[in-house]
Novice: 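Got a structure for you, written out below as structure tokens; questions coming shortly.
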Amino acid sequence: MSEGKELREEDDAMKILTLNTYSWVENVGVQQIHDLATKIAEEDYDLVALQEANQTFDAHQAVLDGFFCPPTTDQEIKADNFALRLVEALQVKDVEYYWTWAFTHVSYGRFEEGVALLSKQPLIAEDHSVAPVAASDPVKDNVRRILWGLTEADGQLVKLVSAHYNWWDRGFIDEWQKTEALLQASNQGHTKAPLILCGDFNQPAETAGYQLIADSALNLVDAYQIAKTHRGGTATVPGAINGWNDSDTPKRIDYIWLDPTFKVSEYAVTFDGKNGPVVSDHFGITVLAELAESK
């Protein structure tokens, strides 16, 4: 039995993964999907948030089954959509996830880049632009959208969000302010649920961007800061990567931010070559979290 399964039996918390997959950019896609599906199946995640979940321009339209939960924006899902291919690989392992995907922008001149969510339970999904109106054309690589899904984990209704933000000098402040407004408006009436905001924020810890999130009216807490135990290191990128080409210093720029009613028993860096194989230019984050009122 894996360590992840043992933890699940000891602590019936929801297990959450976030990962910027950097999918299809390098010619390792098939192996990447195999390694990612294997680890997800072993760890038995309740909730998964992915960024840079790409599909190519020229792939033909996919045939989707009932596990796809469409978001609000109608976007063609291609047969090589990374989230779709991952879910299919999991189904081969007799592991089933509901999933959703939203197109954010064109990247590397050949991909329709997107964000995705996977959940053991159905998702009521919405996607929204957080780009300035003047930069809302998805052909531009600085356009950003957030995707959320109202779903259930550990018997609790939660709102899981996947986001991939720009750098501080390319519009992060505006994107974050729009995110705040959208999530505050969404958390009214029957849609109110504790937030789990996951993603690649491109804001290193202890910078102004990080502090903007920490001081937000959304009143979120950094899972790393409140976790009882930690496994692995702290950095989610080990050195220079695309977008951080001039900075070879390890950085923590991927986060899981939570409603303060959550307790976090464990925080772990994963897919770092130690806790799972390296599958991307980013490492992943795994969190075991539990709503305080759930027991």
Side-chain angles (χ1 to χ4, degrees), residues 16-28 31-32 35-36 39 48-54 82 104-105 107-108 111 113 115 130 141-144 146 161-177 179 196-216 220-258 264 266-287:
I16 309 161
L17 168 70
T18 188
L19 174 69
N20 180 322
T21 66
Y22 196 55
S23 59
W24 303 136
V25 179
E26 298 175 349
N27 295 321
V28 294
Q31 185 64 46
Q32 182 187 26
D35 291 343
L36 187 52
K39 182 72 168 174
V48 178
L50 304 176
Q51 304 82 45
E52 291 195 49
N54 301 328
F82 186 81
T104 58
H105 62 278
S107 64
Y108 297 97
F111 298 121
E113 184 175 310
V115 286
V130 293
D141 66 0
N142 66 331
V143 171
R144 294 292 185 264
I146 62 171
V161 187
S162 184
H164 182 193
Y165 294 100
N166 265 307
W167 299 266
W168 177 261
D169 59 355
R170 290 192 67 184
F172 174 74
I173 297 175
D174 288 339
E175 291 167 357
W176 180 249
Q177 290 173 343
T179 297
I196 304 171
L197 176 55
C198 306
D200 173 2
F201 286 71
N202 274 311
Q203 308 302 314
E206 301 179 0
T207 63
Y210 177 92
Q211 199 59 44
L212 191 64
I213 306 164
D215 294 340
S216 168
L220 300 173
V221 292
D222 178 359
Y224 177 84
Q225 298 291 350
I226 65 170
K228 291 182 179 179
T229 61
H230 293 80
R231 283 197 295 133
T234 58
T236 59
V237 292
I241 61 170
N242 185 48
W244 294 94
N245 308 77
D246 298 327
S247 175
D248 58 4
T249 304
K251 292 169 284 293
R252 187 165 73 95
I253 61 174
D254 301 83
Y255 302 95
I256 296 178
W257 292 88
L258 300 165
V264 176
E266 182 173 304
Y267 176 104
V269 175
T270 188
F271 295 110
D272 59 349
K274 299 174 183 177
N275 182 15
V278 174
V279 296
S280 173
D281 61 345
H282 287 242
F283 301 152
I285 298 169
T286 293
V287 161

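Quantities reported herein were computed from a predicted structural model and do not represent experimental measurements. All residue numbers in this chain count up from 1 along the given sequence.
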Novice: List in chain and number order the residues that pass side-chain hydrogen bond (donor to acceptor under 3.5 Å, both in side chains) with S280, two or more places apart in sequence or in another chain; answer none if no residue qualifies.
Specialist: none

Novice: Just how far is it from atom CD1 of I16 to atom CD1 of I196, taken to the nearest 0.5 Å?
Specialist: 4.0 Å

Novice: Quick one: salt bridge (Lys or Arg N to Asp or Glu O under 4.0 Å) partners of D222, sequence neighbours excluded?
Specialist: R252

Novice: Run the numbers on I146 and E175 for side chain to side chain contact (heavy atoms under 4.5 Å, CB included), then give the verdict.
Specialist: CA-CA 10 Å; I146 62 171; E175 291 167 357; over 6 Å; no

Novice: Taking all atoms of both residues into account, what is the closest heavy-atom pair of A163 and L197, and its distance?
Specialist: CB-CD1, 4.4 Å

Novice: May I ask you to test the Q51-T18 pair for a side-chain heavy-atom distance under 4.5 Å?
Specialist: yes

Novice: Is the side chain of S23 donor-acceptor paired with the backbone N or O of E52 at a distance under 3.5 Å, no angle test?
Specialist: yes

Novice: For the residue pair T104 and R144, establish whether any side-chain heavy-atom pair is separated by less than 4.5 Å.
Specialist: no

Novice: Do the ring planes of H164 and H105 sit parallel (below 30°), tilted (30 to 60°) or perpendicular (above 60°)?
Specialist: tilted

Novice: Report yes or no: does T270 contribute a side-chain atom to a donor-acceptor pair with the main-chain N or O of G284 at less than 3.5 Å?
Specialist: no

Novice: Measure the acute angle between the ring planes of Y165 and F201, then classify it against the limits of 30° and 60° as parallel, tilted or perpendicular.
Specialist: tilted

Novice: Rounded to the nearest 0.5 Å, what's the gap from OG1 on T236 to CD1 on I285? Could you check?
Specialist: 5.5 Å

Novice: Taking all non-hydrogen atoms of both residues, which atom of L50 and which atom of S162 are closest, and how far apart?
Specialist: O-OG, 2.8 Å

Novice: Are Q203 and W176 close enough that some pair of their side-chain heavy atoms sits under 4.5 Å apart?
Specialist: no

Novice: Less than 6.0 angstrom separating the ring centers of H230 and Y224, yes or no?
Specialist: yes

Novice: Mind checking what makes side-chain hydrogen bond (donor to acceptor under 3.5 Å, both in side chains) contact with Y267, not counting sequence neighbours?
Specialist: none

Novice: Which residues pass the side chain to side chain contact (heavy atoms under 4.5 Å, CB included) test with D35, not counting sequence neighbours?
Specialist: Q31, P277, V279

Novice: How about I256 and V264: do any of their side-chain heavy atoms sit closer than 4.5 Å?
Specialist: no

Novice: Identify the heavy atoms of Y255 and P204 that sit nearest to each other, and give their distance.
Specialist: OH-C, 3.3 Å

Novice: Should I253 and H282 count as side-chain neighbours, where that means a heavy-atom distance under 4.5 Å?
Specialist: yes

Novice: Please check: side-chain N/O of N202 versus main-chain N/O of N166, any donor-acceptor pairing under 3.5 Å?
Specialist: no

Novice: Please confirm whether Y210 and W257 have ring centers closer than 6.0 angstrom.
Specialist: yes

Novice: Could you pull out all residues at least two apart from Q211 that satisfy side-chain hydrogen bond (donor to acceptor under 3.5 Å, both in side chains)?
Specialist: D215

Novice: Under the side-chain hydrogen bond (donor to acceptor under 3.5 Å, both in side chains) test, which residues partner S216, sequence neighbours left out?
Specialist: E180

Novice: Quick one: does F82's side chain get under 4.5 Å of T21's, heavy atoms only?
Specialist: yes

